[in-house]
Amino acid sequence: MAKKPGIPKGTRDFTPEEVNKRNYIIETIRGQFQLYGFQPIETPSFENSETLLGKYGDEGDRLIFRILNSGDFLRKAGAEAIENRDSNSLAAQISEKALRYDLTVPFARYVVMHQNEIDLPFKRYQIQPVWRADRPQKGRFREFYQCDADVVGSDSLWQEVEFVKLYDAVFNELNLKGVSIKINNRKVLAGLAEIIGASDKLIDFTVALDKLDKIGEEGVKNEMLEKGIHQDAIDRIQPLFAFQGSNEERLDQLEAMLKDSVEGMKGVEELRFIISRVAGLGTKASSLEVDVTLARGLNYYTGAIFEVAAPEGVAMGSIGGGGRYDDLTGIFGLKGVSGVGISFGLDRIYLVLEELGLFPESVVEQTKVLIINFGDEEAYYGMKLLESLREQGIKAELYPDAAKMKKQMNYANKRNVPYVILAGTQEMNDGTYTLKNMRTGTQETVKMDAIPYLG
RNA sequence: GUGGUUGUAGCUCAGCUGGUUAGAGCGCUGGAUUGUGGUUCCAGAGGUCGCCGGUUCGAACCCGGUCUUCCACCCCA
């Protein structure tokens, strides 16, 4: 007997129902991307290792799936690395390809390679799976979809405003209310580090600050101390731990703290612009909130930083993120091209919609009409009807076998098919068919050429 | 990558300090009902107890390893 099959940790099969629901989300996002003027591209599922490695920090490198070379690669590998059991050195010699880790770096690579065909500013969207060798948890997989929209070649803050509106439009169409779009700015974080004399510890400082809602004020302070940030420096940012009020009030407080930092003040100014314009334009399903503790993607973000939190009460990590990276393509040799973009986490949005029961019923309904099969002659009769139904755009099918009535009805019932058509010798003689509503149980016999109204 | 947790029928779960042929509900198949499903009744099928090894007269239960699940770190969609 063959061993029971399985799939790798952190991957999933999707049932027809799940695929339908996923497609509903994808089509909603895709539709809004197009409405906002983004154009689709796709990139390979794997890239040259050197394209990816070193772009996401040490932590990121660890999570990149690497692809073993083909052939007898060990023969060519350096004996030294094997002898010393040096995995890192050996890996570089026996693996030269790696699975895509996100969609942003491949996009940067794309822009550089296609720079002569692209008209700047270039707005692209991309909906594809990415892979991370992470340890799975709820809402965290090793294979998952990102839905990205980015613009390169424009420094305008109107892009940031547009992205907030885009987020809002998608969540509104998905009927997902109460989403919170958090925004921060790398320059503000850099300014804070600067005024406390910890510019060299920017990453440690912000990573600690980012954990405020998780480990609390004391936890954050302890972590900062552990990272070598002095107590008197921490005291100077004390107001951060008691940040309150409206976005404007928070920005006022920030400004007061950052008045001696040119960079910090620039960050506040940028935030002010985005906040005020979005406030003026309004949002439907989500709210935009300044969150000074937000510190994601610091390895490449240089301006705005976005993170999207599910509505309150839903235990889920962020369902989206993004930000601005000046010089996005610099790592691949094309200087002076700024990029800004956002990402939707399809798999997490799915879990949130599922938890809140927000999938429309129509997403699951597939076939509208099932024609019962009483035998070849009757099936032939039914086929003619099938054709006209399909011409009307009504999803319809014939039960392929002349199985027992009960079995066929049961099949329709379990698959949630709302209508069944019965056409046997009686109907064939009269030139009619019988249409049964499976929800109400009522049925009527109508002329063969009458297309049913299926409400 | 670190620490913990989970795994028994298709699904959700019982299963006593280790002791005969491992159970329930739901689902599934067939029948009651030869052109009428969802309700009801009757009958039936389905499990190498995640996998490998060990302890024991005897293991679903104890021990070790491994895979998987979920959780906390790390990090992140």
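Note on naming: letters A, B, ... go to the chains in the order of the sequence lines (proteins, then strands), and numbering restarts at 1 for each one.
- D347(A) comes within 4.0 angstrom of nothing in the nucleic acid, heavy atoms only.
- Judged by distance alone, with hydrogens and angles left aside, Q408(A) brings no side-chain donor or acceptor close enough to the base of U36(B) to form a pair under 3.5 Å.
- Regarding K9(A), its NZ atom lies at a distance of 11 Å from the C1' atom of U66(B), rounded to whole Å.
- The separation between M405(A) atom CE and G38(B) atom C1' is 14 Å, rounded to whole Å.
- When each of I371(A), V420(A), N373(A) is checked for a side-chain contact (heavy atoms from CB on, under 4.5 Å) with Q408(A), only N373(A) meets the rule.
- Looking at R135(A), its side chain has no donor and acceptor atom pair within 3.5 Å of the base of C76(B).
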**From CA spacing to verdict: side-chain hydrogen bond (donor to acceptor under 3.5 Å, both in side chains), S286(A), D168(A)** = CA-CA 6 Å; S286(A) 54; D168(A) 186 57; 2.7 Å; yes
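- In this entry C62(B) has G54(B) as its Watson-Crick or G-U wobble partner, both defining distances falling under 3.5 Å.
- The side chain of K214(A) lies closest to C75(B) when the candidates are A77(B), G35(B), C75(B).
- Distance, N222(A) CG to C73(B) P: 16 Å, rounded to whole Å.
- In this entry G25(B) has C11(B) as its Watson-Crick or G-U wobble partner, both defining distances falling under 3.5 Å.
- Rounded to an integer number of Å, the gap from R62(A) CZ to C74(B) P is 12 Å.
- If you check G35(B) for Watson-Crick or wobble pairing at under 3.5 angstrom, you find it has no partner at all.
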